[in-house]
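Single-structure report; data block below.
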Amino acid sequence: MARLEFEAIGTHWQIDLPAVFTVPEQASVQADIRKTIADYDQLYSRFRSDSIVQRLAQQAGSYHLPSHATELFQLYQQLYQLTDGAFTPLIGNTLEQAGYDADYSLQPKTLTRPQSWEEVIQFQDNKLTLTHPALLDFGAGGKGQLVDLVSAVIEQAGITDYCVDAGGDLRQRTSQAEPLRVGLEHPQQLAQAIGIVALKNQSLCGSAGNRRQWGKYHHIINPQTLTSPTKIMATWVVADTTLLADAVATALFFVPPEQLYAVGQFEYLVVDQQLHAQKSAQFPGELFTA
Amino acid sequence: MTIPKKLIFTAAVIVIPVFIIGYNASQEKTVLTNTGNNNTNFNTNNANRSVTNASINRNTNTSSTNINSTNTNTTTVSTTTYSDGEYTASGSYQSPGGSESIAVTLTLSDNVVTAVTVVGNANNPTSKQYQSKFISGVEAAVVGKDISSLQLSKVSGSSLTPAGFNKALDAIKSEAEAWWHG
């Protein structure tokens, strides 16, 4: 396996590809991967002033987005409805107010509740219109979708065995029998794992409030209470797309798994603050218990 | 290994009422409140205690009004010692959506249930949901094992943070300390 490693969109990427390529082929795939990431960053990153989302935060208006925006907005809207608005892309301004802004000031100011989806967002045929300026945040599912898009680039190059790992959100494809052994990081003891997932031809995403945490906030904020959820410590989701796994992993901080079945097939593991774990019947992992 | 009929029946009686109760909760008042977690906890806890008269009676009594099929009023449980091992019970029940079935496997050790596995064979989507709520259950608290001892290919957790974020965190922490000590 050849491993490609780099920093992008605020996290560490590891892409495993078969080692059988010629150097020019590898270079070409690498270039396509980098471009896919750069284009996506320019659309949705809150951390650069020239992104579409930052422009819409300054001024209401319309933009034509690439075709992959349809799936993103459809899933986000569905999760918005299934969580009664707790899962919302309009949380961007609130995250900034809490201190998770483009400069990482981490200094909370007064938080305000975001508006409803219907008040602000219109999405039709890949055209996004905001009727009021608002900062959209796609941190919940954007990285997952980007992993899928990078994987599409890899598959288009004719590669069938690969693993794309963006900061622990994984998508793996293999023609071999052996699954990938993935440790589930203990949210409080980062050198430990609380279990192992056997991942094969699926995506796995994890979410926890441990790393991006400052004062009384972490990177997930409930738009209704304006506080970060405290009952759930960590979630993991296995699904056929990384977009779904990533977004559902965040949604599980707000609602129980049963409330989300309509988005599609997924397996989950939810760990609460007492380290009690609840997992779906077919979750492909074993947990370590006392 | 002989499988005591009473145990199969008892296991089925413990398990099946959950679905009836859960399924009917939306339509009529039931003794147990239908939040998935409560039902799940209740049954998991029972499964993990010794098989005693008290547990089984309570279950049977609260659910007896809701079971259509099986004989619900047998409340005596013998004090027989069960051989250690695995016992499987399968039960079917009538849901508003039709007939559904579920299989329960118990592991007994010294007359104590030490493990429970449940396989749901629901067809109806609502039954699937309720069965799945029950099956997922609440595990014991998880513990950590050193990653270096586990031969892992990958680790998944919250996303690794960029250097900028870590620097910012350090900065506010030292600010906080300075304020405290200053």
Side-chain angles (χ1 to χ4, degrees), chain A residues 7 10-12 14 103-107 143 163 165-170 180-197 199 204-215 219 234 236 256-258 261 271 274-281 283 287-290, chain B residues 22 34-41 44 48 102 115 117-122 125-126 128-176:
Chain A
E7 303 297 312
T11 196
H12 187 75
Q14 286 181 341
D103 303 315
Y104 298 135
S105 73
L106 305 185
Q107 307 284 353
K143 175 146 62 77
C163 182
D165 175 353
D169 289 346
L170 311 174
L180 194 66
R181 279 168 65 85
V182 185
L184 301 174
E185 186 185 66
H186 191 308
Q188 295 167 324
Q189 309 287 342
L190 303 184
Q192 293 184 352
I194 57 164
I196 303 181
V197 157
L199 191 70
L204 166 68
C205 290
S207 193
N210 56 348
R211 286 191 163 87
R212 284 171 166 78
Q213 182 187 58
W214 65 100
H219 72 309
W236 282 271
E258 305 83 73
Y261 288 154
V271 180
Q274 285 76 44
L275 288 175
H276 287 112
Q278 183 180 4
K279 63 180 167 75
S280 55
F283 184 77
L287 299 179
F288 307 140
T289 52
Chain B
N34 182 41
T35 63
N37 286 340
N38 283 350
N39 282 340
T40 305
N41 281 339
T44 303
N48 287 331
I102 193 151
T117 318
V118 183
V119 176
N121 300 311
T126 307
K128 272 188 188 154
Q129 277 190 31
Y130 281 111
Q131 285 194 3
S132 179
K133 270 157 86 161
F134 172 70
I135 291 166
S136 65
V138 176
E139 308 262 346
V142 292
V143 295
K145 285 196 189 171
D146 281 335
I147 282 173
S148 51
S149 70
L150 295 171
Q151 283 130 25
L152 302 170
S153 307
K154 289 279 177 186
V155 174
S156 174
S158 62
S159 303
L160 303 168
T161 40
F165 190 90
N166 298 333
K167 271 194 212 131
L169 262 186
D170 290 338
I172 60 171
K173 280 184 195 157
S174 30
E175 259 175 47

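The sequence lines fix the lettering, A, B, ..., with proteins before strands; numbering per chain opens at 1.
Closest approach of Ala277(A) to Val142(B), counting heavy atoms only: CB-CG1, 3.7 Å. Taking every heavy atom of both residues into account, Gln192(A) and Asp146(B) meet most closely at CG-OD1, 3.6 Å.
Pairs engaging residues 154-163 of chain B under the salt bridge (Lys or Arg N to Asp or Glu O under 4.0 Å) rule: Asp16(A)-Lys154(B), Asp165(A)-Lys154(B) [sequence neighbours left out].
Looking at Leu106(A) and Phe165(B), their side chains come closer than 4.5 Å, going by heavy atoms from C-beta outward. At least one side-chain heavy atom of Phe288(A) sits under 4.5 Å from a side-chain heavy atom of Val143(B). Side chains of Arg211(A) and Ser159(B) form no contact here, defined as non-hydrogen atoms less than 4.5 Å apart.
Side-chain N or O atoms of Ser156(B) include none that pairs as donor or acceptor with a backbone N or O of Leu184(A) at under 3.5 Å. A donor-acceptor contact shorter than 3.5 Å is absent between the side chain of Trp214(A) and the backbone of Ala168(B). Looking only at distances, a side-chain donor or acceptor of Arg181(A) sits under 3.5 Å from a matching main-chain atom of Leu150(B).
Heavy atoms closer than 4.5 Å to chain B are found nowhere in Leu199(A), neither backbone nor side chain. With a 4.5 angstrom heavy-atom cutoff, Gln14(A) touches chain B via backbone and side-chain atoms both.
Contact count versus chain B (heavy atoms, under 4.5 Å) is highest, among Gly183(A), Ser207(A), Gly167(A), Gly168(A), for Gly183(A). Contacts with chain B were tallied for His219(A), His186(A), Arg212(A), Gln189(A); Arg212(A) has the most, counting heavy-atom pairs under 4.5 Å. The greatest number of non-hydrogen atom pairs below 4.5 Å with chain B, out of Ala193(A), Gly206(A), Cys205(A), is found for Ala193(A).
For Glu7(A), the side-chain contact (heavy atoms from CB on, under 4.5 Å) criterion is met by His12(A), not counting sequence neighbours.
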Ile196(A)/Leu152(B) under side chain to side chain contact (heavy atoms under 4.5 Å, CB included): CA gap, chis, key distance, verdict
CA-CA 8 Å; Ile196(A) 303 181; Leu152(B) 302 170; 3.8 Å; yes
